[in-house]
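Just so we're on the same page: letters track the sequence lines, and every chain starts at 1.
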2 protein chains.
Amino acid sequence: MSSVNAPQDIKREKILDASYQRFLHYGYSKTTMNEIAGDLAMSKALLYYYFPDKSQLYVAVMNKLATDFINVLTEKVAASTDLLSAFKAQIDNHHNFMVTNYNFFDFFRLNEQNIPAEIWEIIGTIHQTEIELLSDALVKDVDAGKVTAVEVPVDMIDLILDALHGVKVRAMSHKKTGFPLKEHLDEIYQKRLTLIEIFVKGLGC
Amino acid sequence: MSSVNAPQDIKREKILDASYQRFLHYGYSKTTMNEIAGDLAMSKALLYYYFPDKSQLYVAVMNKLATDFINVLTEKVAASTDLLSAFKAQIDNHHNFMVTNYNFFDFFRLNEQNIPAEIWEIIGTIHQTEIELLSDALVKDVDAGKVTAVEVPVDMIDLILDALHGVKVRAMSHKKTGFPLKEHLDEIYQKRLTLIEIFVKGLGC
DNA sequence: ATTTGATAATTTTGTTTAAAAAGTCAGGAA
DNA sequence: TTCCTGACTTTTTAAACAAAATTATCAAAT
């Protein structure tokens, strides 16, 4: 196998880093390929040597973020002793991720519809991972007799994540997209923590 | 006070009925004032005698729907014996309302942003009513010793409604607006019923 | 107080055009 | 052969304008 430290991979990483900074600061549509190339003191054409097009470059950056996200989440959930703390770790991790990378997701606000399939795959993978980690934690608690048996743990976790994800802020400024505003993230975070406690309690014996 | 059966009110009602049919069948943007007037065999100008503009006509129709909605909900919740059945009545009523009037809400899908303030007021009133009815049911269950005491019942209900409202369908067709697709309404309905059972159980002693 | 035909004002839709950005390619350098 | 670029072409975006559709108004009639 080729080393991950091969020169072309190094350069690829540099491109991803520079792109991430631009996307994070200015958003997808306000970032041009010329600017990214300029930041790296290379020609725009070279970007197209490494990536087929702009959207795939964005996808690659997102993939990197997702990998980090999943790694940190796995680590945190593994360190959890019970279902409740596993959920709290998930909520915490998600909140952290959103706050840190908020502007990066301009892409979603502006495009809204017709997001490339690759993006949905990444989101699907993240979601799948969350379900696996949390349903493991659920099964453990069931086995330990902490919560009542659940027919299909995976479905149960899916449902709860769905409910948690749906928590929004009842704001007067109902303008704009369904994407939460940055100033609401903390409130949503708190609400989710409150909710999950009730939820897990509801699962208890 | 003037009778609700005064001739001008009768005509007003006829206009509202005809408008509702048009809006329900074709949606807001595909309904013209000429068509509504045509249905009623009256001049378009007369519509403007009764309503200041098209959006206020839509609001008036919606107001009528909302009044019905609230009345039925109040009735159903009053007939409930405990918190769980009260919630089920709410979920049921909401689902019914959405299925029946689905196309009427094209307005929301198309306008998406900048919905007139009056609409938000109506939605706010509905939500307020739901909170009042359900928090009453909650307090009753607390008093009956069925569930543990809650600090601020109204906030608790608000939070739960928020979570229930957030339930969506994890579909491949992530296209289009955040407004649920008609073919997903039943699935959402079932999920909410499952969720609320866990929730109320979580509140229990 | 109600109603309308005629008309005014606004919004939507479509077209054109210029600029900006995305994307391509033949060929040079390592 | 892999990496890289300048110059080029194609596509997208934005502004300006006109035509058509629709909303909204109003003087006059009932």
Colleague: Just the rounded figure in Å: distance from P of C/dA1 to CG of B/L46.
Modeller: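 Rounded to the whole Å, the gap is 15 Å.
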
Colleague: Are B/K14 and B/Y50 in a cation-pi setup, meaning NZ or CZ lies under 6.0 angstrom from the ring centre and within 45 degrees of the ring axis?
Modeller: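 No, B/K14 does not lie over the aromatic ring of B/Y50.
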
Colleague: Expressed in angstrom and rounded to an integer, what is the separation of A/M42 atom CE from D/dT5 atom C1'?
Modeller: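 Taking CE of A/M42 and C1' of D/dT5, I get 12 Å after rounding.
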
Colleague: Is any side-chain nitrogen or oxygen of B/Y49 closer than 4.0 Å to OP1 or OP2 of C/dT3?
Modeller: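 Negative; the distance criterion is not met.
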
Colleague: Measure OH/B/Y50 against P/D/dA24 and give the value in whole Å, please.
Modeller: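 Rounded to the whole Å, the gap is 19 Å.
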
Colleague: Using whole Å, report how far CG of B/N34 lies from P of C/dA6.
Modeller: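 Nearest whole value for this atom pair: 14 Å.
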
Colleague: Can you check the B/Y26 OH to D/dT22 C1' distance for me, whole Å?
Modeller: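 Spelled out: OH on B/Y26 to C1' on D/dT22 is 17 Å.
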
Colleague: So if I take every side-chain heavy atom of A/T32 and compare against C/dA21, C/dT3, D/dC3, which nucleotide ends up nearest?
Modeller: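 Of the options given, the side chain of A/T32 lies nearest C/dA21.
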
Colleague: How are the rings of B/Y189 and B/H95 set to each other: parallel, tilted or perpendicular (split at 30° and 60°)?
Modeller: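 It falls in the parallel class, under 30°.
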
Colleague: Both A/A45 and B/A41 contact DNA chain C. Which one's nearest nucleotide lies toward the 5' end?
Modeller: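 The answer here is B/A41.
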
Colleague: What orientation do B/F104 and B/Y58 show, parallel under 30°, tilted 30 to 60°, or perpendicular over 60°?
Modeller: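 The rings of B/F104 and B/Y58 lie parallel, inter-plane angle below 30°.
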
Colleague: Let me know the distance between CG of B/D53 and P of C/dA8, rounded to the nearest Å.
Modeller: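 It is 21 Å, rounded to the nearest whole Å.
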
Colleague: Salt-bridged, B/R22 to B/D39, with N to O below 4.0 Å?
Modeller: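 B/D39 and B/R22: salt-bridged.
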
Colleague: Without decimals, in angstroms, what is the distance between A/K30 NZ and D/dT12 P?
Modeller: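 Distance check: A/K30 NZ to D/dT12 P gives 18 Å.
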
Colleague: Between D/dC26 and B/Y48, is there an OP1 or OP2 to side-chain N/O distance shorter than 4.0 Å?
Modeller: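 Checking B/Y48 against D/dC26: no side-chain N or O falls below 4.0 Å of OP1 or OP2.
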
Colleague: Students often get this wrong, so: under 4.0 angstrom with heavy atoms, is B/T31 touching a base, only sugar-phosphate, or nothing?
Modeller: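 B/T31: backbone/sugar contact only, no base atoms under 4.0 Å.
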
Colleague: What's the NZ-C1' distance between A/K44 and C/dG23, to the nearest Å?
Modeller: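 In whole Å, C/dG23 C1' and A/K44 NZ are 7 Å from each other.
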
